[in-house]
Amino acid sequence: MTASPPVIPIVERCQALFEDLDLNAVKQWKAAAPGRKAIGYMPIYVPRELVHAAGMLSVGILGGGDQIEVIQGDAYYQSYICRIPRSTIELALTGRLDCLDGMLFPSICDVIRNLSGMWQILFKDKYVRYFDVPQNYEDAIGGTFYINELAALRDDLGKLRGAPITDDELNASIRVYNENRRAVQELYAYRARKPWQAPTSEVYLVLRAGMVLPPEEHTQLVRDYIDAADALPRPKRDNARVVLNGSFCEQPPLGLIKSIEMAGCYIVDDDFMLVTRWLLDDVPESGNPLEALSKAFLHRSATTAAKYDTKRADKGVFLLKQIKTSGAEGVIFAAPSFCDPALLERPMLQDVLSRHTVPHTAFKYAENTGQMAPIREQAGTFADSIKLWSAA
Amino acid sequence: MNATAVLPQGAGKPQVQKEDAMWLQKEMINRNYHELATARERGHKVAATFVPGNLNELLMCFDFARSLPETNALQNGLRKKSGKFILDAERDGQSEDVCNYVKADLGMMLGGEIGPTGEALPKPDILLLSYTGCFTFMKWFELIRHKYGCESVMLHVPYQGEGKIAPNMRDYVVKQLKETVIPALERISGVAFDIDRLRQYMKESTKAEEDLVAVLQSAKHRPSPIDGYFGAVYYIGPIFTAFRGTPEATEFYRVLRQEIEQRVRDGKGPITPDGEMAEEKYRLVVEGPPNWTSFREFWKMFYDEGAVVVTSTYAKVGGVYDFGFRHDPDHPLESLAEYCLGCYTNLNLPSRIDMICRYIDEYQADGLLINSIKSCNSFSAGQLLVLREVEKRTGKPAAFIETDLVDPRYFSAANVRNRLESYLQMVKQKRAAALAAH
């Protein structure tokens, strides 16, 4: 029997990948074989299977966090626009994204949408695509549109590599990502079961490693982490179990996640990097792959603010399910400043939670927020109040 | 020809001058509010929808009274009511960071849905979510639906990310119209869809669109007989709201065109609230919506300096007609799809830059002024790059001011005036330098 690797080196490796804004892991992957290409993408969701099927590496771009000083990027945005586009532009203008051969900008909000046009202007030698997804969930309507969008992206990527992407290649990539999603689901289930064993400050880094590693390697990393985390007994605290909501695009600084945990909260579910678990089940691995991806998107995908709820009654259902499945006792709404999707969605979700008597609190952050004391105090008070209520 | 309105005695306000068509426009907008207020007693259902991707002809096929929340917000802004509504919405849980149109609308609803003209507006029976060129639209109607229980129907209009309308995009919109939107409108209204009725409305639309384009393009003359931004707000009012496709809109644009063509023949400049503009010293293109809470003060800063806006992107937000698009009665649904897909904020940034550069050239403008709106990421995100690209491509100076649509807290008159005056100085110096070089 092989001993599980210790958890610390795994987390340290993930931390190093997280801090590497120069994307050295991507450069190394590209250098390992001639002709390799990498395609960047922004939150929330792109079908990474297509990029993988083209033999390319998909690279999640989540801004510069609190690690870079944004100088040039600020010259492109007014003060009332969120942070992620300006730090992303900064990364690109300082050459840190040069190793990317293209960028995908998914439909999430007007800022990211317009960033696609800025990219077309600023980086003319790169492949750029705004990737639209349907807000109509009928197979014959939104599905047909989406399959055509997928086909256009598949054609583009095929041209970029110099050969069309076959159905067999795509089905093989679906298989790879099914496995990756299963591993991530195992990680989330494990954390919900034993949050003291898998703190979110670590789970976040493990998930984040999947933004730059090939999916096969990331799947193994996730499973190694679960084994290693389980092998190292850690003290169980009387913390409040919370779901974090609203952090699906611009990311909070790692210090903020740690602050919430230190304040007495176990984060048992969240919406970080939803691309890793946007599709809720396995996608069929044989047959028409575009149709399979479309059906998965339309009928079995996560819910977030960027997605239309067809009926009023649908609002908050996904969040309530997250709360139930993870055994959470409350919700922390943590949204980036000036994030229209998260901040406009929030009052509706708060109302749903209030009607279901789920405690909740809310604050805003920026990816470079430095002052954690107010957040720690607020999260601590929230955790205390949950504990008091549950004792009552 | 222009008329002068005398405001109530004792108010101490100056007389306001407007063209006949401007007064007519105001009457039409006010009448629509009255029709909305009395829709229930007249047995009509009420639909709410947005200005970009506004399917007015289609809604009329089902006898809906039509409400446009952005117009309600801007009318409340013009009447100085929006500030309180926004604060009320923020007290009710809305973030200070998000779109103020949304908050002005939600605040109005919280206050009993008293419309801009003082009459109570009915709760909509259907929210036609024409999701065109603005992400916030989706959340806006979800918020209204959540609070008031109205039904919503989505028309998802894909963004022109590649700078063109692909057949897949058009087909998707048409299919939604046929299989989702029209059945929902039939069910809610109880009126069967009649495509010939739609064609008839579209014939009216086309006539009005022809005349509107003639009016907007009259600004290519020197002096420009119109202001293509502040003045254009009055011109686009009927066609961007509840009137496109009606005979009265057709008549409005016919009269307006006659008026403007006469001004061209007479060599006259635009009518401003203080009367006819004197010498035309500067010709500008403006990108971005106006500020509504200090609309007249904002406009005055321009005409006091002899600056006329010859054309603006805002005047295309409810439909880009000046490059040839017209509603086509022979292909009604396809044409509605193309209309929605082609609205200004649904164009990608390179297309928007192309359009502005073309305007500067065709309208012989001195430069570009961007009014960047805090509320509107759809317009505002990327505008600083737009500014640089336009300067680079045209060699004309560009400038940037920041205000908001309907939140009076974001309109700083002194800052705006300073920037505008500095910009006009720059235009003057550039002109002098160019003359000296020849």
Side-chain angles (χ1 to χ4, degrees), chain A residues 75-82 85 105 107-118 120-122 128-132 134-136 138 140-142 144-146 148-149 151-152 305-312 315 335 337-348 350-352 364, chain B residues 92-95 97-99 102 129 131 133-136 138-140 142-143 145-147 149-152 154-156 158-163 166-169 171-172 175-176 179-180 345 347-353 372 374-385 389 400 402 410:
Chain A
Y76 287 86
Y77 286 103
Q78 302 89 319
S79 55
Y80 51 79
I81 306 268
C82 57
F105 296 87
S107 163
I108 168 169
C109 70
D110 295 329
V111 173
I112 300 299
R113 184 197 74 178
N114 287 7
L115 185 58
S116 70
M118 293 174 71
Q120 287 166 335
I121 293 162
L122 290 169
V128 182
R129 187 171 183 90
Y130 172 75
F131 184 71
D132 219 337
Q135 301 287 359
N136 174 296
E138 302 287 328
I141 307 172
T144 304
F145 167 73
Y146 190 48
N148 282 316
E149 289 296 296
K307 195 171 154 186
Y308 175 60
D309 279 323
T310 312
K311 299 189 301 292
R312 182 195 190 196
K315 188 60 72 190
S337 296
F338 303 108
C339 175
D340 267 352
L343 293 171
L344 287 163
E345 180 84 351
R346 194 174 72 183
M348 293 183 275
Q350 286 173 321
D351 179 55
V352 171
K364 291 187 293 185
Chain B
D92 194 48
Q94 300 300 324
S95 168
D97 288 0
V98 301
C99 171
V102 177
L129 207 180
Y131 185 52
C134 169
F135 168 83
T136 300
M138 183 163 81
K139 294 290 115 181
W140 189 340
E142 282 188 352
L143 279 159
R145 183 183 66 184
H146 189 80
K147 209 156 185 76
C150 321
E151 191 173 332
S152 65
M154 159 69 91
L155 177 69
H156 175 207
Y159 180 62
Q160 284 199 41
E162 306 300 308
N168 181 41
M169 295 156 74
D171 295 347
Y172 175 44
K175 217 182 265 187
Q176 289 177 82
E179 296 176 34
T180 308
T345 48
L347 307 181
N348 71 355
L349 241 52
S351 303
R352 283 169 57 182
I353 291 167
S372 183
K374 183 253 177 194
S375 273
C376 186
N377 286 342
S378 179
F379 260 106
S380 301
Q383 277 178 329
L384 284 157
L385 181 61
E389 285 295 306
F400 207 77
E402 292 180 81
Y410 292 92

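Just so it is clear, the values below take in all heavy atoms, side chains as well, and ignore hydrogens, waters and symmetry mates. Every chain is numbered from 1, with letters handed out A, B, ... down the list of sequences. Keep in mind that this is a model prediction, so the values were computed, not measured.
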Checking Asp171(B) now: which residues fulfil salt bridge (charged side-chain N to carboxylate O under 4.0 Å, His left out) with it, not counting sequence neighbours?
none
With sequence neighbours left out, write down each residue that passes salt bridge (charged side-chain N to carboxylate O under 4.0 Å, His left out) with Lys139(B), or none if nothing qualifies.
Glu345(A), Glu142(B)
Could you check whether any side-chain heavy atom of [X] comes within less than 4.5 Å of a side-chain heavy atom of [Y], counting everything from C-beta outward?
X         : Y         : result
Ser107(A) : Phe135(B) : no
Asn377(B) : Cys109(A) : no
Gln383(B) : Asn114(A) : no

Of Met118(A), Lys364(A), Gln350(A), Met348(A), the largest count of non-hydrogen pairs under 4.5 angstrom with chain B goes to Met348(A)
Side-chain ([X]) to main-chain ([Y]) donor-acceptor, under 3.5 angstrom:
X         : Y         : value
His156(B) : Pro134(A) : no
Gln78(A)  : Ser380(B) : yes
Lys315(A) : His146(B) : no

Heavy-atom distances under 4.5 Å only: say whether Lys311(A) touches chain B with side chain, backbone, both or neither.
backbone
Does any heavy atom of chain B fall under 4.5 Å from the side chain of Glu149(A), the backbone, both, or neither of them?
both
Quick check on Leu155(B) against chain A: is it the side chain, the backbone, both or neither that has a heavy atom closer than 4.5 Å?
neither
Spatial distance of atom OH (Tyr159(B)) from atom OG (Ser116(A)) [nearest 0.5 Å]:
5.0 Å
